[in-house]
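For reference, the structure is listed below as structure tokens.
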Amino acid sequence: MTKTKTKQNKAEGRRISAVPILLPLVVILVLAAVVSELRRPAEKVPEYVEVNDGVNQVTITPAEGVAASRLSEEDFRETDGVVTYTGTAHTARQGIDVSEYQETIDWAQVAGDGVEFAVLRLGYRGSTEGLLNTDACFEENYRGAREAGLDVGVYFFSQATDEQEAVAEADYVLQVLDGRELDLPVIFDWEAVEVEGARTAGVDGGTVSDCAAAFCRRITAARYGAGIYFNRQQGYYDYDLAALSDYTLWVSDPNSWTDFYYAVSLWQYSFTGQVAGISGDVDRDLLFE
């Protein structure tokens, strides 16, 4: 009996003593697998791709460090002017962006019509005189959208001509917000305005991109999310999307699906949407998550 126990204990001792030997081996194998994965070559950026720039089919060289879109035409369905996402790479929510041009909005009806978020124009810089202004309906829209349970973000219509003006616009936004809560980012929206005496006439794309970066840096320093709104031409020719890739990208591309080459978080798919609670046309958007 004693002898049997001694043999059993020795056998158990042998089994137990093997564990310290096996553990380092397992750790080494796991680390080797991780290192192997890290050393895998990154997906090669194509030398050139053909895209629709909003005017023509053109060939571009994709920007390094900017993720390509994973969306395809088969991922979308349009019914009565409402585009829905049916793919599996993301989830998507319906939203709108509004300003004083929509006048009085019944936000309870908007929420009841399937809209889940709203990006509100907080303000704008005058295109000729350059003064900073608050959207006439911002306060009412902010209160109404939040009371209706919508997620809320804001945008500022910029006419900055240099980085200093862009920072001044960001400071104006922060002053108006006064610490109020937002669910979505503060968006920089710079657009060329074709009116006589437009102060931004002749401002080049590189300057606009620098303005966007300066605006977003000031907004994020105040602990809000930041982003950039642009059309296809701006996205392909003006903005340095690699330098702006840490911010939310929002493309304006009215269509039944977006074939913009780069990945974006927000897509404005219509200028002429119809939503309960809003009289007349309204911009409609999808938010990819």
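Hydrogens, waters and symmetry mates play no part in the numbers below; they use all other heavy atoms, side chains included.
The two residues Gly235 and Leu241 come nearest to each other via the heavy atoms O-CD1, 3.6 Å. The minimum heavy-atom distance linking Thr128 with Gly197 is given by the pair CG2-O, 3.6 Å. Ser127 and Gln159 make their closest contact through CB-OE1, 3.5 Å (heavy atoms, listed as atom of the first residue, atom of the second, distance). Leu244 approaches Ser209 most closely through the heavy-atom pair CD1-OG, 4.0 Å. Residues Ala148 and Trp107 come closest through the heavy atom pair CB-O, 3.5 Å. Summarising the geometry of Pro62 relative to Val49, their closest heavy-atom pair is CG-CG2, 3.9 Å, with the distance given to 0.1 Å.
Between Phe230 and Tyr239, the ring planes lie tilted relative to each other; the angle falls in the 30° to 60° range.
The closest donor-acceptor contact from the side chain of Thr84 to the backbone of Arg77 lies under 3.5 Å. Under the 3.5 Å distance criterion, the side-chain polar atoms of Gln175 are left unmatched by any main-chain donor or acceptor of Asp171. Side-chain N or O atoms of Gln234 include one that pairs as donor or acceptor with a backbone N or O of Trp190 at under 3.5 Å. A distance-only check finds a donor-acceptor pair linking the side chain of Asp135 to the backbone of Glu100 [under 3.5 Å]. At distances below 3.5 Å, at least one donor-acceptor pair connects side-chain atoms of Gln102 with backbone N or O atoms of Asp281. Using modelled atom types, no side-chain atom of Arg125 and backbone atom of Leu132 make a donor-acceptor pair closer than 3.5 Å.
Taking the six-membered ring where the residue is Trp, the centroids of Tyr124 and Phe157 are separated by 6.0 Å or more. Here the two rings, on Trp267 and Phe76, have centers that are under 6.0 Å apart.
Around atom CD of Gln57, more than 12 heavy atoms belonging to other residues, nucleotides or ligands sit under 6.0 Å away. Residue Glu103 qualifies as open at atom CD: its count of foreign heavy atoms under 6.0 Å is 12 or below. Heavy atoms from other residues, nucleotides or ligands lying under 6.0 Å from CD of Glu47 number 12 at most. When the shell of 6.0 Å around CD of Glu194 is examined, it contains 12 or fewer heavy atoms from other residues, nucleotides or ligands. With a 6.0 Å radius and a threshold of 12 heavy atoms from other residues, nucleotides or ligands, Tyr48 has its OH atom at or below the threshold.
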Residue pair Gln274, Val82: steps toward the side chain to side chain contact (heavy atoms under 4.5 Å, CB included) verdict:
CA-CA 9 Å; Gln274 301 297 305; Val82 178; over 6 Å; no
Using salt bridge (charged side-chain N to carboxylate O under 4.0 Å, His left out), reason through Asp259 and Arg232 one step at a time and then give a plain yes or no.
CA-CA 10 Å; Asp259 61 354; Arg232 286 166 171 261; 2.3 Å; yes
For the pair Tyr85 and Leu71, evaluate side chain to side chain contact (heavy atoms under 4.5 Å, CB included) and give the outcome as yes or no after the intermediate values.
CA-CA 9 Å; Tyr85 175 73; Leu71 303 173; 3.6 Å; yes
Full working for salt bridge (charged side-chain N to carboxylate O under 4.0 Å, His left out) between Glu163 and Arg218
CA-CA 11 Å; Glu163 292 183 49; Arg218 182 58 62 95; over 6 Å; no
Might you work through the side chain to side chain contact (heavy atoms under 4.5 Å, CB included) test for Ile278 and Val110, ending with a clear yes or no?
CA-CA 7 Å; Ile278 298 178; Val110 170; 3.9 Å; yes
Pair Tyr262, Val251 - check side chain to side chain contact (heavy atoms under 4.5 Å, CB included), show working.
CA-CA 10 Å; Tyr262 301 110; Val251 68; over 6 Å; no
Could you check Phe260 against Tyr236 for ring-ring contact (aromatic ring centres under 6.0 Å, His included), going step by step and ending with a plain yes or no?
CA-CA 9 Å; Phe260 186 65; Tyr236 288 133; 4.8 Å; yes
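Tracing side-chain contacts under 4.5 Å through hydrophobic residues (I, L, V, M, F, W, Y), one reaches Phe138 starting from Phe215; they form part of the same cluster. Trp250 and Ile228 are assigned to two separate hydrophobic clusters, defined by single-linkage of ILVMFWY side chains at heavy-atom distances under 4.5 Å. The hydrophobic clustering, which links ILVMFWY residues whose side-chain heavy atoms are closer than 4.5 Å, places Leu287 and Val264 apart. One hydrophobic cluster, built from ILVMFWY side chains closer than 4.5 Å, cannot hold both Tyr155 and Leu182; they sit in different ones. Following chains of ILVMFWY side-chain contacts shorter than 4.5 Å, one cannot reach Leu120 starting from Tyr101, and the two form parts of different hydrophobic clusters.
Using a 4.0 Å cut-off between charged side-chain N and carboxylate O, Asp285 and Arg93 make no salt bridge. Residues Arg146 and Glu181 are paired through a salt bridge, judged by an N-O separation under 4.0 Å between the basic side chain and the carboxylate. Of the charged side-chain nitrogens involved, none lies within less than 4.0 Å of a carboxylate oxygen, so that Asp75 and Arg70 do not count as a salt-bridged pair.
Distance check: Leu150 CG to Ile96 CD1 gives 7.0 Å after rounding to the nearest 0.5 Å. For the atom pair CG of Leu122 and CG of Asn133, the computed distance is 11.0 Å after rounding to the nearest 0.5 Å. One finds the OG atom of Ser279 at 12.0 Å from the CG atom of Asp106 (value rounded to the nearest 0.5 Å). Here CG of Leu249 is found 11.5 Å from OG of Ser69. Values are rounded to the nearest 0.5 Å.
Put simply, the side chain of Leu266 reaches to within 4.5 Å of the side chain of Thr248, judged on heavy atoms. Counting only heavy atoms from C-beta outward, the side chains of Val66 and Tyr261 never approach each other to under 4.5 Å. Residues Val98 and Asn141 have side chains in contact (heavy-atom distance under 4.5 Å, counting atoms from C-beta outward). Side-chain contact between Arg180 and Val176: present, with at least one pair of heavy atoms (C-beta onward) separated by less than 4.5 Å. Looking at Glu289 and His90, their side chains never come closer than 4.5 Å, going by heavy atoms from C-beta outward. Looking only at side-chain heavy atoms (C-beta outward), Pro185 and Tyr247 stay at 4.5 Å or farther from each other. At a threshold of 4.5 Å between non-hydrogen side-chain atoms, the residues Val51 and Val58 count as touching. Side-chain contact between Leu177 and Val186 is present, with heavy atoms from C-beta onward closer than 4.5 Å.
A cation-pi geometry, defined here as NZ or CZ lying under 6.0 Å from the six-membered ring centre and within 45° of its normal, does not hold between Arg121 and Phe156.
Side chains of Asp204 and Thr207: a donor-acceptor N/O pair is present below 3.5 angstrom, by distance only. Neither side chain, Asp253 nor Gln268, offers a donor N or O lying under 3.5 Å from an acceptor on the other. Using a 3.5 Å distance cut-off with no hydrogens or angles, the side chains of Glu169 and Ser158 do pair a donor with an acceptor. Between the side chains of Ser256 and Tyr269, no donor N or O sits under 3.5 Å from an acceptor N or O.
Residues forming a side-chain contact (heavy atoms from CB on, under 4.5 Å) with Gln164 (at least two apart in sequence, or on another chain): Asp162.
Results of the side-chain contact (heavy atoms from CB on, under 4.5 Å) test with Phe117 over Asp97, Leu184, Asp183 single out Leu184 as the only residue that passes.
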